[in-house]
Amino acid sequence: MDNGYIIWSFQGKQISQQSFETFYQFQWRPREKLFNKKETAEVSKNLKKYEKQFNAFDEAKKRKLRLEETRGKRKNRSAFRATLARLKEIRSNMKQERMALLNGYDSEDESNFTTKEVTIETILSSKEELVY
């Protein structure tokens, strides 16, 4: 990363990453203590409960992102299939015109073609050894 910043948690997990074309300075200062000792002890005691809440929220957010991504993929796939069907329809409509231009010859008919299989073998080198 050339211009930007990355924020990491104290556990080493990447929280956020931002890139900018013109980024010159980043200033940060720690906050003052938000809790007194009693509140800090209470939060530490109920950490598992909070962790479950936050994990459930994170999972819901991830699920929502996956659903949006899946919807986008489905939309792109259906658009591609619609375009493909439209082009096939155009090609089939033009078949009669092609056959008329080729004096009745159907270039899509496989029976109009002959297939020959040719195998060519070449010896690159040979060496004779006497075995006793």
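Within the hydrophobic cluster formed by Ile, Leu, Val, Met, Phe, Trp and Tyr side chains joined at under 4.5 Å, directly or through other members, Leu101 stands alone, with no partner residue. Other cluster members for Ile120: Val118, joined by side-chain heavy-atom distances under 4.5 Å among Ile, Leu, Val, Met, Phe, Trp and Tyr. Within the hydrophobic cluster formed by Ile, Leu, Val, Met, Phe, Trp and Tyr side chains joined at under 4.5 Å, directly or through other members, Phe57 stands alone, with no partner residue. Cluster partners of Leu84 are Phe80, counting Ile, Leu, Val, Met, Phe, Trp and Tyr whose side-chain heavy atoms approach within less than 4.5 Å, directly or via other members.
Although no hydrogens or angles enter the test, the distance criterion places no donor-acceptor pair under 3.5 Å between the side chain of Asn3 and the main chain of Thr22. Panel note: side chain Asn112, backbone Asp106; a donor-acceptor pair is recorded below 3.5 Å.
Every side chain to side chain contact (heavy atoms under 4.5 Å, CB included) that Ile7 has, sequence neighbours left out, goes to Tyr5, Ile15, Ser16. When the side chain to side chain contact (heavy atoms under 4.5 Å, CB included) test is applied to Asn36, the partners found at least two apart in sequence or on another chain are Lys38, Glu39.
Considering every non-hydrogen atom in both Ile6 and Gln17, the closest pair reads CG1-CG, 3.8 Å.
Classification of the Phe23-Phe26 ring pair by plane angle, with boundaries at 30° and 60°, yields tilted.
Put simply, the side chain of Glu89 does not reach to within 4.5 Å of the side chain of Arg86, judged on heavy atoms. In this structure, the side chains of Arg91 and Arg98 come closer than 4.5 Å at one or more pairs of heavy atoms.
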### Task
Check step by step if side-chain contact (heavy atoms from CB on, under 4.5 Å) holds for Glu51 and Lys48.
CA-CA 5 Å; Glu51 183 180 6; Lys48 291 289 183 187; 3.8 Å; yes

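Linking ILVMFWY side-chain heavy atoms closer than 4.5 Å, directly or via other members, places Leu102 and Phe113 in a single hydrophobic cluster.
Under the 4.0 Å criterion applied to side-chain N and carboxylate O atoms, Glu59 and Arg63 are not assigned as salt-bridge partners.
Between the CD atom of Glu69 and the NZ atom of Lys62 there is a distance of 13.5 Å, given to the nearest 0.5 Å. Atom CZ of Arg66 and atom NZ of Lys73 lie 11.5 Å apart (nearest 0.5 Å). From Thr70, atom OG1 reaches atom NZ of Lys75 across 14.5 Å, with rounding to the nearest 0.5 Å. With rounding to the nearest 0.5 Å, the separation of OG1 in Thr115 from CD in Glu110 is 7.5 Å.
Around CZ of Phe54, the count of heavy atoms belonging to other residues, nucleotides or ligands within 6.0 Å does not exceed 12. Atom CD of Glu68 is surrounded by more than 12 heavy atoms from other residues, nucleotides or ligands within 6.0 Å.
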